[in-house]
Amino acid sequence: MSCIYSCSSTPSFFAPFVSSRSSRFALSSSNSRPRIHCALGGTVAEPKITTAAEPLLLNAVRGEDVERPPVWLMRQAGRYMKSYQIICEKYPSFRERSENVDLVVEISLQPWKVFKPDGVILFSDILTPLSGMNIPFDIVKGKGPVIFNPLGTAADVEQVREFVPEDSVPYVGEALTILRKEVDNKAAVLGFVGAPFTLASYVVEGGSSKHFTKIKRLAFSQPKVLHALLQKFATSMAKYIQFQADSGAQAVQIFDSWATELSPVDFEEFSLPYLKQIVDTVKQTHPHLPLILYASGSGGLLERLALTGVDVISLDWTVDMAEGRRRLGPNIAVQGNVDPGVLFGSKDFITNRINDTVRKAGRGKHILNLGHGIVVGTPEENVAHFFEVAKGLRY
Ligand code: CP3
């Protein structure tokens, strides 16, 4: 029986992994590597034999018997690092930083060199493909994404070109190939794309949005127009994932950050079919490529997110990890979900939250991560502490 299924609201695991004064759980100290125990002795997934040459993250996703959860952080490459800010002073344009192979590689490797995470995410943006789809945009300091000509009509959608990654973003492919060589299977190289609904929300709203009124007006008054746009994004993002995998990405995360702005019934119409289409298309050509799906504030949609067929659901921090596991079942891997705000806390607090999350996730099929991206201003020493604790864990 899976331990998670046996857990009531009272934890049935013991033992934090790294000692901490204020931990609520008993430390198992029979040897120098504390182990996690389940009261009923079960695990989340039946462990299989580990392939040593593969990165830990891939083995964990496949349900193999790993000694600890792999760890990486969303928005790992970027603004909280002093070394990134120095590059920003020299290259103030986000587009330049994210479209120049040397800069992309250098920025992607900054956290790798300092923290040695188990996943190295490409430095890029979900909006990067837009110019290749004939949707001019920029990412403006202090303002965020700006779409110069927001889309709102059937004629606008007709102007959107399908994406040919080889032609439009060769630098992404080149950067991934270099990263794969540099990281050399000591960690997994991670690619990512935006999901159709989330991309559509930017191009229809013209940028970030609070109430998503423009895209909802389109969805609820001219659904055919929105479906035509979503279809173009679905076809394009499936191709983009295949391109990233062929270039060196060993797992790809799909960000549907704003899908949870939709009510469940609207998610089923405007997001789920397109996510499923992307997953089905990619699985045809790359059946072993792990696909990770993230949506912010996803508690209301968890079971529906799993219907997409992805291998990993990334939980945001508002979901209790044990409840998330219970709701998703033992066959799908989970990622997350420490509150990024925890990284502003004391080192003991950070340690406790890591232990709590890993204990609730159970053994195997878990990638330790935050529940959203690292926030600007996060002390780098706390990020270092997070990785140190995480990499010292043993099941
Ligand atoms: O995780 C990583 O380190 C890889 C890089 C990465 C960036 N954006 C770099 C970036 C990733 C994975 C993203 C994904 C992304 N981009 C998402 C999905 C994740 C989420 O946050 O829900 C979304 C919605 C975007 C769109 C986007 N890009 C926004 C809303 C912003 C502005 C954010 C802000 O607060 O200013 C960006 C810009 C952006 N993308 C920055 C970085 C490091 C900050 C700008 C800068 O460094 O100059």
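As the structure lists them, so they are numbered: ligands from 1, and atoms in each ligand from 1. Here the structure is a predicted model, which means the values were calculated and not measured.
The heavy atom nearest to atom 37 (C) of ligand 1, out of those in Asp125, Val120, Val193, Asp256, is found in Asp125. Of the candidates Tyr202, Phe123, Tyr80, it is Tyr202 that places a heavy atom closest to atom 24 (C) of ligand 1. Compare Lys143, Met74, Lys141, Arg97 by their heavy atoms: the one nearest to atom 48 (O) of ligand 1 is in Arg97.
At the top of the distance list for atom 3 (O) of ligand 1, counting protein heavy atoms only, stands Ala77 N, 2.8 Å. Counting only heavy atoms of the protein, atom 4 (C) of ligand 1 lies nearest to Leu122 O, 3.4 Å. Of the protein's non-hydrogen atoms, Phe192 CZ, 3.5 Å is the one closest to atom 11 (C) of ligand 1. Here the heavy atom of the protein found nearest to atom 45 (C) of ligand 1 is Phe94 CD1, 3.8 Å. Atom 23 (C) of ligand 1 has Ile126 CD1, 3.4 Å as its closest protein atom, hydrogens excluded (heavy atom only). Looking only at heavy atoms of the protein, atom 35 (O) of ligand 1 is closest to Arg79 NH1, 3.4 Å. Counting only heavy atoms of the protein, atom 19 (C) of ligand 1 lies nearest to Phe255 CD2, 3.4 Å. The protein heavy atom nearest to atom 15 (C) of ligand 1 is Arg75 NH2, 3.5 Å.
Inclusion of Ser296 in the set of residues having an N or O under 3.5 Å from an N or O of ligand 1 is not warranted. Considering backbone and side-chain atoms alike, Trp258 places every N or O at 3.5 Å or more from each N or O of ligand 1. For ligand 1, the polar-atom distance check finds no N/O of Ile139 at less than 3.5 Å from any of the ligand's N/O atoms. Ligand 1 has no nitrogen or oxygen under 3.5 angstrom from a nitrogen or oxygen of Trp72.
Checked for salt-bridge contact, Asp280 and Lys283 miss the test: no charged N lies under 4.0 Å from a carboxylate O. Between Asp311 and Arg62, no side-chain nitrogen of the basic residue sits less than 4.0 Å from a carboxylate oxygen of the acidic one, so the salt-bridge criterion is not met. Using a 4.0 Å cut-off between charged nitrogen and carboxylate oxygen, Asp167 and Arg161 do not count as a salt-bridge pair. Look at Lys360 and Asp320 and you find a salt bridge, because one of the NZ, NE, NH1 or NH2 atoms lies within 4.0 Å of a carboxylate O, short of that distance.
Residue contact check for ligand 1: Pro145 places a non-hydrogen atom closer than 4.0 Å to it. Within the structure, ligand 1 lacks Gln253 among the residues with a heavy atom less than 4.0 angstrom away.
Rounding to the nearest 0.5 Å gives a distance of 12.0 Å between CD of Glu106 and CD1 of Ile178.
A donor-acceptor pair is defined here as one N or O able to donate and one able to accept, closer than 3.5 Å; such a pair exists between the side chain of Asp156 and the backbone of Thr153.
Residues Tyr84 and Phe123 bring their aromatic ring centres within 6.0 Å.
The two atoms that bring Gln277 and Ala234 nearest to each other are NE2-CB, 4.0 Å, heavy atoms only.
Side-chain atoms of Thr128 and Asp125 include no donor-acceptor pair closer than 3.5 Å.
Only the backbone of Ser124 comes within 4.0 Å of ligand 1, judged by heavy-atom distances. Heavy atoms of Thr198 found under 4.0 angstrom from ligand 1: none, in either backbone or side chain.
Taking the six-membered ring where tryptophan is involved, the planes of Tyr294 and Phe255 are perpendicular, since the angle between them exceeds 60° and thus also 30°.
Atom numbering of ligand 1 starts at 1 in the shown order; those under 4.0 Å from a heavy atom of Ser257 are 18 (C), 19 (C), 20 (C), 22 (O), 24 (C).
Remark: Phe163 engages Tyr240 in a ring pair (Phe, Tyr, Trp, His ring centres under 6.0 Å) (not counting sequence neighbours). For Phe243, there are no ring pair (Phe, Tyr, Trp, His ring centres under 6.0 Å) partners, not counting sequence neighbours.
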